[in-house]
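By convention in this document, chain letters (A, B, ...) are assigned in the order of the sequence lines, proteins followed by strands, and residues within each chain are numbered from 1.
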Number of protein chains: 2
Amino acid sequence: RRKEPLSANEYVKGIRNGNRAMLSRAITLIESTKPGHRALAQDIIGQCLPDSGNSIRIGITGVPGVGKSTFIETLGNRIIKKGHRLAVLAIDPSSTRSKGSILGDKTRMETLANSDRAYIRPSPTRGSLGGVARKTRETIYLCEAAGYNTIFIETVGVGQSETAVHSMVDFFLLLMLAGAGDELQGIKRGIMEMADAIAINKIDEAGGKAVRQAVREYKNALHLYPEAASGWKPNVVTCSAQTGEGIDDIWKLIREYIKLTRENGYFEIKRNRQARHWMYDTIETHLNEHFFQHPEVKQRQPTIEQKVLEGKLSSFRAAQQLLDAYFK
Amino acid sequence: RRKEPLSANEYVKGIRNGNRAMLSRAITLIESTKPGHRALAQDIIGQCLPDSGNSIRIGITGVPGVGKSTFIETLGNRIIKKGHRLAVLAIDPSSTRSKGSILGDKTRMETLANSDRAYIRPSPTRGSLGGVARKTRETIYLCEAAGYNTIFIETVGVGQSETAVHSMVDFFLLLMLAGAGDELQGIKRGIMEMADAIAINKIDEAGGKAVRQAVREYKNALHLYPEAASGWKPNVVTCSAQTGEGIDDIWKLIREYIKLTRENGYFEIKRNRQARHWMYDTIETHLNEHFFQHPEVKQRQPTIEQKVLEGKLSSFRAAQQLLDAYFK
């Protein structure tokens, strides 16, 4: 027997009751490319919005090999023991992350994955960075409505997804290694500038001298940046997600940041600026979707794109032909 | 007496005749935000398109201090002596580049700036990265129609503008320094991956040992990337723009790349893929402009944005209100 499709109300009721299966199915609707699914998803999101916003959103980034999964597993377990409910999301539209390695994440975060107080959702694998970022942001709202009061958003610190993550988190943590050949860690200056803290991980594996040197270097690098509008001074800390050393201090640091920015009003200002960003992003997405679903545009697009790829039509004229079909 | 506004035909005629003042004025129209100017600019671009495309477009990037201006001055002078006509454009929407430093560029590129065979145009300082990139691309077409057969597009290798440049050039050159504390050179992995060659500049200032080590390290880094679809193997070369050492070899390398990719067809494939990218970019830009010029959207936008910034309206509902005003 085929399952009856659920209504938006039923999804929202399930999400509010903390029904994880229902949450997962709603997120699948967000990730779907089918217009019917997307409309239903928008309805669910709209109803969840009043219950959203009451979490601390933390971005965690670092190159592959820096130990992000173990870090999230260790920090995550400590904070759910303190009574928090944690959702772990990821943004990574790159092809390097296959379905297999996403399952791998859940394996690496075994304790978290098996906890009632944690919810792990891999990144949507398909779509543009903009699309994936939007879906992750919408997923945050649903997780918050489901009662998760701490959200980790993981990203691989090598591409441009950090800017997208930065536009949806309250605190941005950059994981680094000591003495690992910095030029190959591939962290670009812009990402360092976004960081509210740099944590040097795997200090149990690196020599004390290399760790001290890395701390000094990254502190020097951070000092080059102008003072942040938050009034917060980004710091460099050390930890080992493997042994647990330093992990509590990082959580303390994050709480200090939240306290400071809540008191000086920056927390709210930042969230509202992010909302403005997403308002324009939502408009742009909607305009594009409306355009490419227009029947005549849809019909002519493949031929016109092909002509451009064969060098038979300039990008301008191609765009003009599709725009004419839409606006006529 | 006020100057009569020129027609698109007059602009195009002037550009085709190599009238630099006319070219500059047409580029100013491209950079203008006034709808009337933009419409005229589009008309000019449309008429210049058939004469465009016949140049080699070279992207040149590197962090501040790497010596980009001197490099462009030295290489530029050599190729104009070989009979080429060179246009130097820049993409840098960041606030770090004030009007003053743009004038500074022209001063640093003094010989080029005074040559009849070279045309230097600073980056538009205002607007989003997307907007600036689009304007630069449109400027390329006009420069090509004006007979410039070599285009340099300069960008500061610390932000996201490299991706934009990469989408409009045939060859992408990354300038680096030897022994300058690589972690602070801030070149992200993604930029290195885009490079068709890495040139280590200022070798007259660095020790031979540091230069050899840098060459080795960057070669190792390049070897980590999968083979390029172009069939080209990116290489690491050394030069001193100050003394001129190695500059001719870089030009030789670029010519080899062009020869190889023209023969194996990749040159054309890449240009056509870039055209597809710009086709979709043009559509997106047009849809956005059309939206925000809609009278009711224009009227309601400031109030709605303010409400979002004050936390009184969610980004979703704000977007919906403006979309309703547009589509109703």
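Of all non-hydrogen atoms in B:Ala206 and B:Val211, the two that sit nearest each other are CB-CG2, 3.9 Å. When every heavy atom of A:Met176 is checked against every heavy atom of A:Ile198, the shortest pair comes out as CG-CG2, 3.7 Å. In plain terms, the two heavy atoms of B:Ala214 and B:Ile200 that are nearest each other are CB-CD1, 3.6 Å.
For chain A, the nearby parts of B:Leu287 are the backbone and the side chain; heavy atoms of each come within less than 4.5 Å.
Proximity of B:Val215 to B:Lys219: side-chain heavy atoms (C-beta onward) are separated by under 4.5 Å at one or more points. The closest side-chain heavy-atom distance from A:Leu322 to B:Met279 is below 4.5 Å. Contact check for B:Leu174 versus B:Tyr218: no side-chain heavy atoms found under the 4.5 Å cut-off.
Among the residues in residues 293-304 of chain A, those with a non-hydrogen atom closer than 4.5 angstrom to a non-hydrogen atom of chain B are A:Gln301, A:Ile304. Applying a 4.5 Å heavy-atom cutoff, the residues of residues 262-275 of chain A that approach chain B are A:Asn272, A:Arg273, A:Ala275. At a heavy-atom separation below 4.5 angstrom, chain A is approached by B:Gln42, B:Ile45, B:Gly46, B:Leu49 within residues 41-49 of chain B.
For the atom pair A:Arg276 CZ and B:Leu309 CG, the distance stands at 4.5 Å (nearest 0.5 Å).
Using a distance-only test at 3.5 Å, with no hydrogens or angles considered, a donor-acceptor pair links the side chain of B:Thr61 to the main chain of B:Thr155. Judged by distance alone, the side chain of B:Lys68 and the main-chain N or O of B:Gly62 form a donor-acceptor pair under 3.5 Å. Under a 3.5 Å cut-off, the side chain of B:Asn201 and the backbone N or O of B:Leu175 do not form any donor-acceptor pair.
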Report task. Starting from the C-alpha separation in whole Å, work towards a yes-or-no answer on side-chain contact (heavy atoms from CB on, under 4.5 Å) for B:Asp51 and B:Ile15. Result -> CA-CA 11 Å; B:Asp51 293 330; B:Ile15 291 169; over 6 Å; no
Query raised in the report: Where do B:Arg137 and B:Thr282 land on the side-chain contact (heavy atoms from CB on, under 4.5 Å) test, with the steps shown first?
Result: CA-CA 11 Å; B:Arg137 177 182 55 108; B:Thr282 304; 3.6 Å; yes
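Between chain B and the options A:Gln320, A:Glu305, A:Glu310, A:Arg317, the largest number of non-hydrogen pairs under 4.5 Å is found for A:Glu305. When B:Tyr141, B:Tyr280, B:Trp278 are compared by the number of non-hydrogen pairs under 4.5 Å with chain A, B:Tyr280 comes out ahead. Here B:Phe316 is the residue among B:Phe316, B:Phe292, B:Tyr326 with the most heavy-atom pairs under 4.5 Å with chain A.
Using cut-offs of 30° and 60° on the angle between ring planes, the pair B:His290 and A:Phe327 is tilted.
The salt bridge (charged side-chain N to carboxylate O under 4.0 Å, His left out) search around A:Arg57 returns A:Glu144, not counting sequence neighbours.
Between A:Phe291 and B:His286, the gap from one ring centroid to the other reaches at least 6.0 Å.
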